[in-house]
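Worksheet: one structure, shown below.
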Amino acid sequence: MTHILSETNLDYSDILIKPKMGNNCNSRKDVNLIREYTFKRGQVRKGLGIFNANMATVGNFETAKHLLKAGMFATLHKFYTAEEIVNFMKECQDEKIDYSNLFITIGIRHWPEEFSKLKEIEDSGVWLKENICIDAPNFYIPEAYRILKQIRENYLDAVIMCGNIASSDICHKLLEYADILKVGIGSGAVCTTRKMTGCGVPMVSLILECADIAHSVNGMICADGGIVEVGDICKAFALNADFVMAGGLFAGTDEAEGEVITKCFKTGEYSVDWDFNPECSKMEPGKPMYSYKNYKLYYGMSSTLANNKFAGGMSNYKASEGREVLIPYTGNLDKILQDIKGGVASACTYIGAANVKSMSKCATIIKVNHTINKVFERYEHD
Ligand code: 5GP
C-alpha cells in the first residue's frame with residue numbers, strides 16, 4: 001500500500017544557520033577555505049568544494065577555467081569532443097592553470113562512444129588526474145550502474161562522481177564504485193521534473209539523509225541544484241555536503257555560454273520639466289523614454305531547446321523536463337566567486353568554524369518561516 005512519510009522535508013529557504021559563540025577564528029582571514037579531500041581509494045584533491053553544473057551553458061571552458069583559477073572544482077559538459085578537451089587542457093598547461101580539479105563529464109546515452117572519448121583523452125597524455133563525472137538525470141536506471149562499474153574497472157585511481165539521485169537507499173550500492181554522489185532531483189532553477197512527474201526531494205532533508213549514509217562508507221556527496229544565493233552554499237556545507245554544484249548562479253555571467261541579450265522597455269514619457277536639467281532640452285515632451293536591460297539565456301539540459309540542439313529533437317517517448325529562461329546578466333564571474341569565498345568565510349566566523357569541513361560540526365540549524373527581509377529589494381540598482 002502506498003503510504004505517506006509525514007515528516008516535512010525542508011529546503012534551503014526553510015532554514016537558517018544559527019550564529020553562536022565559537023572559539024576558533026577572529027576574522028574571515030583566519031578561515032581556511034581549502035579542504036583536503038581524501039577519497040576512498042586514497043586519491044587526494046584540494047580546493048573549495050564548489051562545482052559549476054555540467055550543463056551546456058555553464059559547463060563551458062571559460063567558466064571552468066575561472067573556477068579552477070579560484071581554487072575551486074569544475075566540470076565540463078558532455079558535448080565537447082575529445083579533441084576540444086585535450087586542447088583545453090593544453091591551454092591550461094600553457095597558462096599555468098592547475099586543472100587537477102577538472103572533471104570530464106560523460107553521458108550514458110551514447111555508449112560505447114562516450115567510453116572511446118575517455119580513451120582518446122587519456123591517449124593524449126595531458127589528462128593528469130582522472131576525474132570523471134558520469135551524468136544521468138536519473139541514476140536509478142540499471143544502465144547507469146553498469147556504466148559506473150565499467151568506468152571504475154577501467155579507471156581504478158580516478159575520482160568518480162555520479163548522479164543524480166534523491167534517496168539514501170542507493171548510496172551504498174553506488175559508492176562501491178563511485179567516490180562522490182551527486183544528489184538532487186527536481187531542485188534546479190530550470191528544472192520542471194517536479195511539475196512534469198511529481199518527483200523530487202527538497203535539498204536540506206536530502207543532504208542530511210545522503211551525507212549521513214555516504215560518510216558511513218567514506219563516500220562523499222555533492223549537493224546539486226537549487227542554489228539561489230551564496231547563503232545556500234553555506235547552508236549546504238553546514239548540513240555536511242562535501243561539494244556544492246550550481247548552474248543558475250553562474251549562468252548570467254560573461255563567462256557562461258551565449259551572448260548578452262539586450263531588451264528595451266518603454267518606461268514612460270518625457271515631461272515638460274526641462275528647465276530642471278539642461279540635458280532635457282534635447283528631449284521633446286511626450287517622447288517615449290526607454291530603459292535597457294541585459295540578459296543571458298539559461299536552459300535546462302532536458303529542455304526542448306537542449307534536445308533540439310544536442311539530440312536532434314525531442315524523442316516521441318519523452319516530454320521536456322527543463323525550461324528556457326532569460327536571466328539577468330550579472331557581469332564578471334570572478335565577482336561571484338569572490339562573493340562565495342567571502343560568504344563561506346563569514347559563515348564560518350558566525351559559528352566558530354576554522355575551516356569548511358568543520359562547519360557541519362559547529363553549525364546549529366534552525367527551521368524558520370521567513371529567511372530574508374526583502375522589503376527594499378525592488379529598489380535595487382542594476
Ligand atoms: P541550479 O543551480 O540552476 O538551480 O541547478 C543546476 C542543476 O539542475 C544541474 O546541475 C542539474 O542537476 C539540474 N538540471 C539541469 N538541467 C535540467 C533539466 O533540464 N531538467 C532537470 N530536471 N534538471 C536539470
Side-chain angles (χ1 to χ4, degrees), residues 11-13 49-60 63-64 67 72-79 103 105-109 133-141 144 161-166 180-204 206-207 210 221-233 235-236 241 243-253 256-258 296-311 314-315 318-328 330 333 336-337 340:
D11 224 321
Y12 294 123
S13 56
I50 309 290
F51 276 104
N52 57 322
N54 50 281
M55 300 167 70
T57 42
V58 295
N60 60 335
T63 304
L67 266 84
M72 299 177 182
F73 290 74
T75 64
L76 295 178
H77 65 64
K78 60 189 174 197
F79 307 107
F103 281 63
T105 305
I106 52 162
I108 63 163
R109 213 193 285 162
C133 170
I134 311 174
D135 177 60
N138 169 1
F139 218 86
Y140 291 92
I141 58 172
M161 172 159 72
C162 73
N164 284 28
I165 55 161
I180 310 169
L181 302 180
K182 211 143 69 79
V183 306
I185 290 183
S187 300
V190 281
C191 160
T192 56
T193 293
R194 291 183 187 170
K195 222 170 144 181
M196 295 299 293
T197 70
C199 296
V201 180
M203 288 309 284
V204 166
L206 182 62
I207 294 171
C210 293
I221 66 155
C222 175
D224 176 21
I227 298 297
V228 176
E229 48 219 350
V230 173
D232 296 338
I233 295 177
K235 291 176 187 177
F243 297 91
V244 180
M245 178 175 274
L249 194 66
F250 303 135
T253 63
E257 199 62 58
K296 288 201 76 158
L297 181 66
Y298 182 42
Y299 57 90
M301 295 316 296
S302 307
S303 63
T304 306
L305 177 69
N307 274 283
N308 289 343
K309 236 174 152 167
F310 303 110
M314 187 69 80
S315 314
K318 59 182 195 180
S320 159
E321 282 182 36
R323 62 180 139 239
E324 299 138 35
V325 282
L326 279 183
I327 63 166
T330 48
L333 173 59
I336 294 176
L337 301 182
I340 293 174

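We count ligands from 1, going down the list as the structure has it; atoms in each ligand are counted the same way. Keep in mind that the numbers below use all heavy atoms, side chains included, and drop hydrogens, waters and symmetry copies. Each residue takes its place number in the sequence, starting with 1.
- Among the atoms of Gly226, some N or O lies under 3.5 angstrom from an N or O of ligand 1.
- Under a 4.0 angstrom heavy-atom cut-off, Asn164 registers as being in contact with ligand 1.
- Heavy atoms of Tyr299 come nearer than 4.0 angstrom to ligand 1 in no pair at all.
- Every atom of ligand 1 with a heavy atom of Ala189 under 4.0 Å away is listed here by number and element: 1 (P), 3 (O), 4 (O), 5 (O).
- For the side chain to side chain contact (heavy atoms under 4.5 Å, CB included) criterion with Phe79, the lone passing option out of Met301, Met55, Lys309 is Met301.
- Ligand 1 places these atoms under 4.0 Å from at least one heavy atom of Thr193: 21 (C), 22 (N).
- Nearest to atom 16 (N) of ligand 1 among the protein's heavy atoms is Met301 N, 2.9 Å.
- Scanning all protein heavy atoms for the shortest distance to atom 24 (C) of ligand 1 gives Cys191 CB, 4.1 Å.
- For atom 20 (N) of ligand 1, the closest non-hydrogen atom on the protein side is Glu321 O, 2.7 Å.
- Within the listing of ligand 1, atoms 10 (O) sit less than 4.0 angstrom from a heavy atom of Met245.
- When only non-hydrogen protein atoms are considered, atom 2 (O) of ligand 1 lies nearest to Gly247 N, 2.7 Å.
- Close approach to Gly248 involves these atoms of ligand 1, each under 4.0 Å from a residue heavy atom: 1 (P), 2 (O), 3 (O).
- The protein heavy atom nearest to atom 12 (O) of ligand 1 is Asp224 OD2, 2.5 Å.
- Residue Leu297 forms a side chain to side chain contact (heavy atoms under 4.5 Å, CB included) with just one option from Ile327, Leu305, Val325, and that option is Leu305.
- Interface atoms of ligand 1 facing Ala246, defined by a heavy-atom separation under 4.0 Å, are 2 (O).
- Near Tyr298, meaning under 4.0 Å from one of its heavy atoms, ligand 1 places the atoms 1 (P), 3 (O), 6 (C).
- Nearest protein neighbour of atom 15 (C) of ligand 1, counting heavy atoms only, is Met55 CE, 3.3 Å.
- Contacts between Arg323 and ligand 1, counted as non-hydrogen atom pairs separated by less than 4.0 Å, are absent for every part of the residue.
- Which parts of ligand 1 touch Ser302 is read off a 4.0 Å heavy-atom cut-off, strictly below it: atoms 18 (C), 19 (O), 20 (N).
- Applying side chain to side chain contact (heavy atoms under 4.5 Å, CB included) to Phe243 and the options Asp224, Ile50, Ile180 leaves one that passes, Ile180.
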